[in-house]
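Worth knowing before you read on, the calculation uses all heavy atoms, side chains too, and leaves out hydrogens, waters and symmetry mates. Within every chain, numbering begins at 1; the chains are lettered A, B, ... in the order of the sequence lines, protein sequences first and strands thereafter.
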Amino acid sequence: MNNAAVAEVFENIGKLLEVKGDSSFKIRAYQRVAREIDHLPVDVTALAEEGRLRSIQGVGDEIEKKILELLETGKLAFYEQLLQEFPPGLIEIMSVPSVGPKMATRLWKELGVTDVTGMEAALRDGRVATLPRMGAKTAENVLHQLEAWRGRKSERLPLGDVRPVALALADALSKTPEVTHVTLAGSIRRWRETVKDIDIIGASDEPQKVTDAFVALPEVAEVISHGPQRASVRLRNGLQADLLLKPEASFASLLQHFTGSKEHNVLLRERAQRMGLSVSEYGITDTATGNLETFATEEAIYKRLGLQFIPPELREGGDEIQRAEKGLIPRLVEIADLKGDLHAHTEWSDGHTPIEVMVAAARARGYQYLAITDHSPGLGIARGLTPDRLLEQLRIIHEMNRTFTDGFRILTGSEVNIKADGALDFPDEVLAELDVVVASVHSAMGQDAVKMTDRIIRAMESPHMDIFGHPTTRLIGQRDPIQVDMEAVFAAAKSTRTALEVNASPSRLDLKDIHVRRAVELGVMLVISTDSHHPDQLAQMPYGVATARRGWAEPVHVLNTRPLPDLLAYLGRVD
DNA sequence: GCCGTTTTCGGCCCGACTGTTTTCAGTCG
């Protein structure tokens with residue numbers, strides 16, 4: 001049973017207990033554990049075997065027993081019994097926005113609704129509208145939400161698709177005279193790999209005028225809610241966008257509140273409460289005196305709570321508050337730390353521009369080096385280079401390097417296929433000529449975990465492989481990761497001194513955040529690379545940096561934060 | 001069901017908007 005499956009069981013237990021009307025705190029306990037297990041960088045089965053389930057946040061006696069039962073028997077009696085008490089479609093009914101446990105229960109008990117189809121019928125024929133304390137407007141709204149919910153292909157979209165839209169929306173809103181400090185918050189500010197909606201905040205003394213302007217923007221297709229301080233809309237592209245406004249004095253608190261995550265805020269506010277303080281989007285209130293204190297910066301808010309500043313990328317409701325309390329939030333890697341990019345393609349294979357155009361773009365970014373890593377021959381679809389073509393490219397690059405007077409260096413390289421048996425797609429004598437060898441899986445992605453893991457480890461054992469490119473090959477929302485034992489990959493990477501790539505392409509982000517964190521814990525070297533096929537894509541580096549930051553990576557963990565001489569020394573290349 | 005710089009028992013985040021209500025419950029973020 002994998003982590004996602006275990007997490008789903010606990011998530012569903014939480015939902016069913018809500019319908020049952022059980023303690024909201026108990027419900028939260030199950031939901032928290034579900035989320036923690038879903039975000040675990042290691043296999044929950046492995047943790048269980050080591051007897052370390054209790055190291056998961058929120059796992060106590062009861063839930064530990066339940067996880068063990070689930071893993072050992074594939075079933076959980078407590079859950080099975082709960083499922084018997086309710087119609088199986090009830091959980092799905094509650095996934096429709098605006099339908100919570102109370103309404104789901106009433107629809108079931110008072111109208112006999114047991115699934116989404118039945119709910120739709122009851123909405124359409126007027127039965128819902130006639131229930132006490134419901135009405136035509138409620139029924140109409142739920143029906144509308146149901147149709148929108150059906151139309152959506154997935155709950156969350158890749159950050160790379162949403163972020164540009166959100167920036168444009170914030171820019172349009174900032175032209176409203178009554179608002180200042182228009183800022184993106186929520187999961188976009190935390191750089192989560194996927195986002196569900198766009199959260200925008202601003203400061204204003206006349207917020208009603210601003211929400212009025214917001215719902216009137218041309219991108220808005222539908223207004224979901226519209227009050228004096230906040231508004232929610234559905235955009236023409238189907239995304240939901242929320243706007244929240246407060247007076248200038250509360251802006252830092254608003255930013256902190258709306259950046260979330262929700263789980264982070266719950267933990268933060270629980271901590272505050274133990275200190276006799278109450279945290280809200282207005283500021284921090286002393287519970288004893290009722291005095292509201294406001295703050296100029298987020299740093300000041302965390303400081304008031306006795307905590308180190310926690311960067312947005314770490315605010316996921318895990319152990320970041322405990323660590324901040326002990327002063328253990330490190331100085332995370334930043335875009336300015338990067339000295340170069342180690343994965344780029346040109347028109348020699350499947351890139352779109354000549355070498356010199358890519359190089360000029362890299363130099364314009366202030367880099368000291370750029371690795372040209374066109375594909376190896378096995379990737380026919382990407383016009384992979386033959387050995388002869390590669391050697392010709394090397395001669396040209398060596399000539400270009402002689403023209404630089406400022407120490408800039410084009411690194412010769414290749415993105416080499418790892419073949420199905422783990423062999424690399426160029427002969428050793430060719431690979432030996434290169435400054436840097438990125439090796440990646442591009443074929444036979446359906447291998448089982450044993451074969452795939454052996455294949456990758458064999459490749460890493462080659463003396464020439466420097467970097468494992470986009471290690472899980474997943475494409476967010478499009479292609480699942482390969483089946484592979486990541487713990488074994490981390491161990492092999494460490495023993496062979498192979499760096500693992502954090503591919504910054506927004507459709508990849510691979511390694512992903514939780515794998516970065518595990519790699520950092522184990523002392524595995526990382527690189528952050530854009531895998532650019534066009535000079536403009538060099539600008540996607542922030543997505544990779546953010547992913548690394550979400551995995552708690554510091555400059556020392558990232559190979560391409562090193563200046564050229566140090567990098568060459570690490571790669572075993574000496575001038 | 002979990003958890004501890006007041007606690008192994010008694011707590012457990014905070015506020016806005018909507019609809020159907022004459023004062024509030026449900027849902028969401």
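Atoms CG (A:Leu307) and P (B:dT5) sit 13 Å apart, rounded to a whole Å. Rounded to an integer number of Å, the gap from CG of A:Leu268 to P of B:dG29 is 21 Å. Nucleotide B:dC13 holds its C1' atom 11 Å from the CD atom of A:Gln256, rounded to whole Å. In this structure, A:Arg156 places its CZ atom 13 Å from C1' of B:dG29, rounding to the nearest Å. The separation between A:Lys26 atom NZ and B:dG10 atom C1' is 16 Å, rounded to whole Å. In this entry the distance linking NE2 of A:His257 with C1' of B:dA16 reads 9 Å, nearest Å. The CD atom of A:Glu18 sits 12 Å away from the C1' atom of B:dC28 (whole-angstrom rounding). Summarising the geometry, the separation between CZ on A:Arg190 and C1' on B:dG29 is reported as 11 Å, rounded to the nearest angstrom.
Here, B:dC12 and B:dT18 have their C1' atoms 28 Å apart, quoted to the whole Å. Rounded to the nearest Å, the gap between the C1' atom of B:dC13 and that of B:dC28 is 14 Å. Rounded to a whole angstrom, the distance from the C1' atom of B:dG26 to that of B:dT21 is 13 Å. Taking the C1' atoms as reference points, B:dT8 lies 12 Å from B:dC2, given to the whole Å. Distance check on atom P: B:dT20 versus B:dA16 gives 22 Å, rounded to whole Å. To the nearest whole angstrom, the two P atoms, one in B:dT6 and one in B:dG11, are 16 Å apart.
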**Request:** Please assess A:Thr547 against A:Glu313 for the test side-chain contact (heavy atoms from CB on, under 4.5 Å), listing each intermediate value before the final yes or no.
**Result:** CA-CA 8 Å; A:Thr547 300; A:Glu313 293 93 332; over 6 Å; no

**Request:** Let me see the working for A:Glu281 and A:Phe258 under side-chain contact (heavy atoms from CB on, under 4.5 Å), right down to the final yes or no.
**Result:** CA-CA 8 Å; A:Glu281 58 265 52; A:Phe258 220 25; over 6 Å; no

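The nucleotide whose nearest atom lies closest to any side-chain atom of A:Asp199 is, among B:dG1, B:dG29, B:dT5, B:dG29. Of the candidate nucleotides B:dC2, B:dG29, B:dC13, B:dC13 has the atom nearest to the side chain of A:Phe25. If you check B:dC2, B:dT27, B:dC12 against the side chain of A:Ala29, the one that comes closest is B:dC2. Considering only side-chain atoms of A:Tyr30, the nucleotide from B:dC13, B:dC28, B:dG1 that sits closest is B:dG1.
Toward the 5' end of DNA chain B, the nearer of the two residues A:Gly100 and A:Val266, judged by each one's closest nucleotide, is A:Val266.
Side-chain contact, A:Arg315 with A:Ser261: no donor N or O sits under 3.5 Å from an acceptor N or O. A donor-acceptor contact closer than 3.5 angstrom is absent between the side chains of A:Lys196 and A:Gln240. Of the N and O atoms on the side chains of A:His264 and A:Glu316, not one donor lies less than 3.5 Å from an acceptor on the other residue. For the residue pair A:Asn237/A:Glu219, the side-chain donor-acceptor check at 3.5 Å is not satisfied. Side-chain contact of A:Ser187 with A:Arg192: a donor-acceptor pair under 3.5 Å is absent, judged by distance alone. Between the side chains of A:His39 and A:Asn3, not a single donor N or O lies within less than 3.5 Å of an accepting N or O.
Residues from residues 272-301 of chain A placing a heavy atom under 4.0 Å of any atom in DNA chain B, listed by number, are A:Gln273, A:Arg274, A:Ser278, A:Val279, A:Ser280, A:Glu281, A:Tyr282. The stretch residues 8-15 of chain A has no heavy atom under 4.0 angstrom from DNA chain B at all. The stretch residues 105-128 of chain A does not touch DNA chain B, since none of its heavy atoms comes less than 4.0 Å from the strand. Annotation: proximity of residues 58-68 of chain A to DNA chain B (heavy atom, distance under 4.0 Å) is found for A:Gly58, A:Val59, A:Gly60, A:Asp61, A:Glu62, A:Ile63, A:Lys66, numbered in ascending order.
Residues A:Leu511 and A:Met486 come closest through the heavy atom pair CD2-CE, 3.7 Å.
No side-chain donor-acceptor contact under 3.5 Å links A:Asp510 to the backbone of A:Lys512. Side chain of A:Glu80 to main chain of A:Lys75: no donor-acceptor pair is present (N/O by atom type, distance under 3.5 Å, no hydrogens or angles). The backbone N or O of A:Leu255 sits less than 3.5 Å from a side-chain atom of A:Thr259, completing a donor-acceptor pair.
Residue pairs meeting the ring pair (Phe, Tyr, Trp, His ring centres under 6.0 Å) criterion with at least one partner in residues 158-192 of chain A, sequence neighbours excluded, are A:His181-A:Phe251, A:Trp191-A:Tyr543.
In a base pair of the Watson-Crick type (N1 to N3 plus N6-O4 or O6-N4) or a G-U wobble (N1-O2 and O6-N3), with each distance short of 3.5 Å, B:dC28 is matched with B:dG15.
In this structure B:dT7 sits in the syn conformation; its chi angle is within 90° of 0.
Within a 6.0 Å sphere centred on CD of A:Glu147, heavy atoms belonging to other residues, nucleotides or ligands number more than 12. Around CZ of A:Arg479, the count of heavy atoms belonging to other residues, nucleotides or ligands within 6.0 Å exceeds 12. Counting heavy-atom neighbours within 6.0 Å of A:Glu120 CD, excluding the residue itself, gives a total above 12.
Judged by a 6.0 Å distance limit and a 45° cone about the ring axis, A:Lys66 is not positioned over the six-membered ring of A:Phe10.
For A:Arg28 and B:dC13, the shortest distance from a side-chain N or O to OP1 or OP2 is below 4.0 Å.
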Grab the N/O contacts between the protein and nucleotides 17-25 of chain B below 3.5 Å, and write none if there aren't any.
| unit_1 | atom_1 | unit_2 | atom_2 | d |
| --- | --- | --- | --- | --- |
| B:dC17 | OP1 | A:Pro228 | N | 3.2 |
| B:dC17 | OP1 | A:Gln229 | N | 2.9 |
| B:dC17 | OP1 | A:Arg230 | N | 3.0 |
| B:dT18 | OP1 | A:His226 | N | 2.8 |
| B:dG19 | O3' | A:Thr138 | OG1 | 2.9 |
| B:dT20 | OP1 | A:Gly135 | N | 2.9 |
| B:dT20 | OP1 | A:Gly135 | O | 3.4 |
| B:dT20 | OP1 | A:Thr138 | N | 3.4 |
| B:dT20 | OP1 | A:Thr138 | OG1 | 3.2 |

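The distance from the CG atom of A:Leu245 to the CD1 atom of A:Ile200 is 10.0 Å, given to the nearest 0.5 Å.
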